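Presented below is the structure to which this report refers.
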Amino acid sequence: MTTYYTDDHEWITVDGEFATIGITDHAQTQLGDLVFVELPETGREVEQGDDAVVVESVKAASDVFAPISGEITEVNGALSENPALVNSSAQGEGWLIKMKIKDAAELEKLLDKDAYDALIA
Amino acid sequence: MGDLKTTPLNLLHLDAGAKMGAYAGYSMPLFYPLGLIKEHLHTRKSAGLFDISHMLHLEVSGNEAANLIERACPLAASTQPIGSCNYTFFLNEEAGIIDDLIVTRLGSDRYLIVANAGCAEKDRAHIEAIAQDFDAEVKAVPRGFIALQGPLAKAVLADQNFSVSQMAFMSGIEPKPDWFISRSGYTGEDGFEIAMPTDKAEEFTQKLLADDRVELIGLGARDSLRLEAGLSLYGQDLDETITPHEAGLIWAISKPLRSGGKFIGAPALEAKLASGRSRKRIGLITREKMPVRAGAKLFDADDNEIGLVTSGGFGPTFNGPVAIGMINADADNFPLVAQVRAKNIPMEIHKFPFVPHQYKR
């Protein structure tokens, strides 16, 4: 499994043709306490860069973009009861969606951990 | 954030690990590592300390200080008791709100105006223009300014040898030269606002923070606290096109001043009170979990657009979304629906405040 990052502060962990996606720990510290996560319908097809999820802090709503194109296969239902999971475990239990990757070549446009760490340094 | 001004507590915020953001031209703490929700809840149960040094302090003094205030504000300044704080406004000729303010009478010919940071420039121009007709001086006083809010605020200050327990809500005193304390705030809780010389601000704030009952609270929780308390925010819920009547704030203008007043905007206010308001400010809640925020359009049961959400978000104490809206005064075809990202959220009208006030009367 390899994890990639976007400069919009999403992470994507790839396992074969499937991927798990969320926002980075850095992103959650910038947003502050989340109170609502609007998750998409499963089965929806998205293009790389499309709005996929909306995370809402007390103060503001922020879009989360699809890091790759593909089909949304699963959403993290636990977030409807407990959106704060994104704050406590942004890169673990607070994952947002799972996708079936349409075009693995798109992953090459993403950042590796070192590049992302440099971005937020 | 190169061009932003900083408050005398800037280093303290950075040391405390605050997430800073721009507000009204200042770099201000939005939230601290404790987090907005815990900051909010802490204020409601203990004592929250807010840096509000960005706010504008204007001292008005001179023989005709009372007359100047009575021209600028719908307020009976000449009969205002010394030590009394009054919520009032600067109005334009159409009775629209230029800013909402607190005016405290400090002495027989001395008043303090505390105004919004975002309005500082236009407020100063406005009152300085009026001052030309009066034998009175208007002076901006840069100071450190903090709010200590919550049920334990009084006890915390008492331990710093400030005898505040006898102070009534909306009263203010000068405990020593260049200091000012009022029992007031913007959270719905009992609490105090304390102004001091800028070079004393950090030391005094550190003393308060050494008390375990006190936590630093950012602007984020300041907003969620005032929203739950049903208090308007200038620039969102109030602007120059909105009259005090439309804003639900006519209580701040005493009955004798509502007709025949001599303040700027008095004739327009009187006429608009007689003809009735065309829109009104309301509180809104929803059973949905999705917060409804400023800018969301409001529709009646027949899908007619009847207004706008002016402030909205999640209320941590209310434990759900709360919002303030402005709707057509004759709207009566309920339930209302708010549109958020093309979704229709059913809304219910809720009386202000959303969380009961705890003011010390």
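The sequence lines fix the lettering, A, B, ..., with proteins before strands; numbering per chain opens at 1. Computed from a prediction, not measured in an experiment: that's the story for all the values here.
- Heavy atoms of B:Lys38 lying under 4.5 Å from chain A belong exclusively to its backbone.
- Annotation for B:Lys297: atom NZ does not count as buried by contact number, only 12 or fewer foreign heavy atoms lying within 6.0 Å.
- Between chain A and the residues B:Ala221, B:Ser224, B:Pro291, B:Pro321, the most heavy-atom pairs under 4.5 angstrom are made by B:Pro291.
- Residue pairs meeting the side-chain hydrogen bond (donor to acceptor under 3.5 Å, both in side chains) criterion with at least one partner in residues 18-27 of chain A, sequence neighbours excluded, are A:Thr24-A:Tyr116, A:Asp25-A:Gln28.
- Residues from residues 79-108 of chain A that place a non-hydrogen atom less than 4.5 Å from a non-hydrogen atom of chain B comprise A:Ser80, A:Glu81, given in numerical order.
- With a 4.5 Å cut-off on non-hydrogen atoms, A:Val54 touches chain B through its side chain but not through its backbone.
- Taking all atoms of both residues into account, the shortest heavy-atom contact from A:Asp33 to B:Gly35 is OD2-C, 3.5 Å.
- Applying the salt bridge (charged side-chain N to carboxylate O under 4.0 Å, His left out) test to B:Glu240 and every residue at least two apart in sequence or in another chain returns B:Lys122.
- When every heavy atom of B:Arg341 is checked against every heavy atom of A:Phe36, the shortest pair comes out as NH2-CE2, 4.4 Å.
- Looking at B:Lys19, the atoms closer than 4.5 Å to chain A (heavy atoms on both sides) all sit in the side chain, from C-beta outward.
- Note that CG of A:Leu34 is 11.5 Å distant from CZ of B:Phe314, once rounded to the nearest 0.5 Å.
- At a heavy-atom cut-off of under 4.5 Å, chain B is reached by A:Glu56, A:Ser57, A:Val58, A:Lys59, A:Ala60, A:Ala61 from residues 55-69 of chain A, listed in order of number.
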